Amino acid sequence: MTFENSLSYAQGLDQIDPLRSLRVQFYFPQHNGRNAYYFCGNSLGLQPKGIKAALDYELEHWKTHAVEGHFRGEMPWMYYHKFLLNQSANLVGAKPEEVVVMNTLTVNLHLMMVSFYRPTKERFKIIMEGGAFPSDQYAIESQIRFHGFLPEDAIIEVSPREGEENLRTEDILSTIEKHGEETALVLFGGVNYYTGQFFDLEKITKKGHEVGAKVGFDLAHTAGNLPLQLHDWNVDFAVWCSYKYLNSAPGGPSGVFVHERHGDNRDLPRFAGWWGHDEEHRFLMKKGFVPMKGAAGWQLSNVQILSCAAHKVSLDMFEEVGMPALREKSLKLTGYLIYLIEKLNEKGGNFNIITPKTPEDRGAQLSILTGDDGKALFDYLTENGVITDWREPNVIRLAPVPMYNNFEDVWWFAEFLNRWLDK
Ligand SMILES: *Cc1c(COP(=O)(O)O)cnc(C)c1O
């Protein structure tokens, strides 16, 4: 695709954007009386305007029906998790029984590892990406210790080659092959939070299974960003959060995928709670845990109605638009951003994009390694109402999100970089 560097060209792209009407369904933070240029949807998604009414509805339901609210109305609380299943399944390419929404991400990562990290003396290693998100590192280390092993013995990290920023798929696969017999679990992010690299989940899963390991993914930066086919790719489990690309309020609930070949295995060890117990007999309050079929059998507690009501509003939007349409726009938006940054580099800018430029290896996010004055640049952007994200030592991350960002936003971002260069 060929682009042009002008405001009128960007506005022209917005006029023919089939998703342009979505933008007004979100609240933008304000800067000097107008919408800020918001590029942190990879960190905290904007608030859909429809969420307030959904929360009011549940508050009213509680006020009016109190405990009877569990059984009354169109969406009785007793069955509330079911009202999120179809949309969650379509979002990640799963069957409805393979997904459930519950808890928060790190909690679910632990619950999944309880079931799918079953180390033995011979096979106890976990292969993960070097520089994974800290919560994932801590969860993995603590699980390893919990089983009586040492992180330094059990963790194998795959890192970029000398002088490179991204992982090569061939290196990931050869690491799995090399440590195959000792590896219990391969656990990767879908998109690395720092570089924005999207990994080849299908190939990683296939290779992990070939050596006899389980394979799971943390999709915090992937769900709602890229189309996924978790069922067909044969992934064992996955977890994601709902407040980044999925716009469902800070601390919003997490999604879980468990492949159907495990979901129906009632003998799989797991940490249990009453909401995962066979629904028909749950209120007999008897001894003896019998898990529900599918991912729902991993639920512990009754549903967090307010946060799930917020999440449902957003999931319904994703369901209506569909990931293919979002991805199509996302490729153009981020492609335009790359084009504009490269123009600035031709002009003497020092904006080194460390995210893979090949579209199939990234989602919406770009990570830009800046020069020594990176923090000053970041502050300049912030003062001008351009909201991005700063990561030490020198990286500005930004994500034009197809749900609500437009080409004009992207053009203005580059224009402020341009003004910075001219200063
Ligand atoms: C955002 C993020 C988390 C956050 O975990 P919470 O339990 O939701 O606080 C964890 N892992 C990754 C990879 C993330 O991007």
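Each ligand, and each atom within it, is numbered from 1 in the order the structure gives. The structure displayed is predicted, hence computed values, not measured ones.
- Within the 4.5 Å cutoff, no side-chain heavy atoms of Ile155 are placed close to those of Lys125.
- In terms of protein heavy atoms, atom 8 (O) of ligand 1 is closest to Tyr243 OH, 2.6 Å.
- The aromatic ring centroids of His61 and Trp77 lie less than 6.0 Å from each other.
- Ring planes of Tyr339 and Phe3: tilted class, angle from 30 to 60°.
- Looking only at side-chain heavy atoms (C-beta outward), Arg145 and Pro151 come within less than 4.5 Å of each other.
- When only non-hydrogen protein atoms are considered, atom 3 (C) of ligand 1 lies nearest to Phe133 CE2, 3.4 Å.
- Checked against a 3.5 angstrom limit, the closest N/O atoms of Asp136 and ligand 1 fall inside it.
- Ranked by closest heavy atom to atom 14 (C) of ligand 1, the top entry among His221, Glu129, Lys244 is Lys244.
- The aromatic ring centres of Phe39 and Phe413 sit less than 6.0 Å apart.
- Between Phe116 and His262, the ring center distance clears the sub-6.0 Å criterion.
- Not a single N or O atom of Thr104, backbone or side chain, sits closer than 3.5 Å to an N or O atom of ligand 1.
- Near Thr106, the atoms of ligand 1 lying under 4.0 angstrom from a non-hydrogen atom of the residue are 5 (O), 6 (P), 7 (O).
- Only side-chain heavy atoms of Asp218 come within less than 4.0 Å of ligand 1; its backbone N, CA, C and O stay farther off.
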